[in-house]
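See structure below.
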Protein chains: 2
Amino acid sequence: MFKLSKKADYGLIAVKHLAMHRDEHACSATEIAEEYGISTMLMAKVLQKLARQRIVSAKHGASGGYLLAKEPSQITALDVISAIDGPVLITSCVTNHGNCGAADKCSVREPLRRVNESILSVLSTVTISHMSEEQHEPVLVELQT
Amino acid sequence: MFKLSKKADYGLIAVKHLAMHRDEHACSATEIAEEYGISTMLMAKVLQKLARQRIVSAKHGASGGYLLAKEPSQITALDVISAIDGPVLITSCVTNHGNCGAADKCSVREPLRRVNESILSVLSTVTISHMSEEQHEPVLVELQT
DNA sequence: TCGCGGTACGACCGAATTAGTCTTATATCT
DNA sequence: AGATATAAGACTAATTCGGTCGTACCGCGA
């Protein structure tokens, strides 16, 4: 009911970890998983999804692991979340090929679509470097009511 | 993965329906359910939850039904959603009595809490009357990065 | 060149959550 | 009294999600 999936959570943790160890070494899934007490297998799967979306890049072989593929300021929370969970849609009928039976009757679709847009813009405003900084300047997000 | 529950969806539909028929008559669960092709039983349960939170008021007996308990401009999307699904928390560890094992290690908790705040403020900015209007003036929402 | 430490990926299972139903009780209008 | 509503909780079905496993592949270093 409106929660981030744990996998997306782990993804954010992993990306932030990589951001903090940028320019040091490639971090293996095992290394990250152990640091935060998460199953290695699961963390590996999360990182694989991030790699497929080119958010991180993988290095095979001994002393391999993952590295950020972009600057931390170029990676948004939305990037990470949608890489792992697919597109962010607050309702199932927002999509075009919506199978929401009562599509034409459903009077809340349009307003909810706008709420969805606002949430997307919140999520894409927050970058990994924002999440690492300590000071937090407020930003204004435009909301179409 | 970040979706509104169907029940919350139905709740918004119901509340908007009541707003449109304000000052006409009390709408029964059956009436609303049939109009949008939803099971009567389910719609009834949703309306019961809304009644318990004093968002709508119930009238028993023949020709009874539900009425809005407040002005449409005083009911926010957040009110409706949290009446049905409970408090909106994008992560499970945002809560105080958080059982998130690695609480102290979890480096993303604080930033996510701020994202959560922003989403709450988006949801509480949108009212039922907003959802019924046609014109959509943008509103600015402050986002703590 | 072989083995170890790593990623890649899909199939799979069990647990948890969510959607929806049924039943019984209670209120109120006609 | 009887018809029509809501109230509420127990129950079941369906779906999603978290997590595991097995197997294949890659590449560095001894």
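Every chain is numbered from 1, with letters handed out A, B, ... down the list of sequences. The structure displayed is predicted, hence computed values, not measured ones.
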Inset, instruction - Applying side-chain contact (heavy atoms from CB on, under 4.5 Å), name anything that partners B/Glu31, two or more places apart in sequence or on another chain. - result: B/His17, B/His25, B/Cys27, B/Ser28
Legend entry - Which residues share a side-chain contact (heavy atoms from CB on, under 4.5 Å) with A/Lys3, sequence neighbours left out: B/Ser92
Restricting to side-chain hydrogen bond (donor to acceptor under 3.5 Å, both in side chains), what partner residues turn up for [X], sequence neighbours left out?
{"X": "B/Glu117", "result": "none"}
{"X": "A/Gln74", "result": "none"}
{"X": "A/Arg22", "result": "A/Glu71"}

Legend entry - With A/Arg54 via salt bridge (Lys or Arg N to Asp or Glu O under 4.0 Å) - residues at least two apart: none
Legend entry - Watson-Crick and G-U pairing of DNA chain C written in dot-bracket, each distance under 3.5 angstrom, with | for inter-strand partners: ||||||||||||||||||||||||||||||
Inset, instruction - Please round to the nearest 0.5 Å and tell me the distance separating atom CZ of B/Arg109 and atom OG1 of B/Thr91. - result: 8.5 Å
Legend entry - Interatomic distance, B/Lys49 atom NZ to B/Ser82 atom OG [nearest 0.5 angstrom]: 11.5 Å
List the atom pairs, donor and acceptor, that lie under 3.5 Å between side-chain atoms in residues 58-65 of chain B and the rest of the protein, sequence neighbours left out.
none

Inset, instruction - Identify whether A/Leu67 and A/Val80 are in the same connected component of the hydrophobic contact network (ILVMFWY, side-chain heavy atoms under 4.5 Å). - result: no
Inset, instruction - Kindly work out whether a path of hydrophobic side-chain contacts (I/L/V/M/F/W/Y, heavy atoms less than 4.5 Å apart) joins A/Met41 to A/Ile38. - result: no
Legend entry - Heavy-atom contact window of chain B on DNA chain C, given 5' to 3' at under 4.0 Å: C/dA19 to C/dC29
Inset, instruction - Could you check whether A/Ala44 gets within reach of a base, just the sugar-phosphate, or nothing at all, counting any heavy atom under 4.0 Å? - result: nothing
Inset, instruction - Let me know the distance between CE of B/Met43 and C1' of D/dA7, rounded to the nearest Å. - result: 17 Å
Inset, instruction - Report the distance from atom CD of B/Glu31 to atom P of D/dT4, rounded to the nearest whole Å. - result: 15 Å
Inset, instruction - Could you list all the salt bridge (Lys or Arg N to Asp or Glu O under 4.0 Å) pairs where at least one residue sits in residues 72-90 of chain B, not counting sequence neighbours? - result: none
Inset, instruction - On DNA chain D, check which nucleotide each of A/Asp85 and B/Gly65 is closest to and give me the residue with the more 5' one. - result: B/Gly65
Legend entry - Donor-acceptor under 3.5 Å (A/Lys16 side chain, B/Ser107 main chain): yes
Legend entry - Nucleotide-resolved protein contact map, nucleotides 19-30 of chain D, B/S/- at heavy-atom distance under 4.0 Å: BBB----BB---
Inset, instruction - May I ask you to list the residues of residues 11-28 of chain B, by number, that have any heavy atom positioned under 4.0 Å from an atom of DNA chain D? - result: B/Ser28
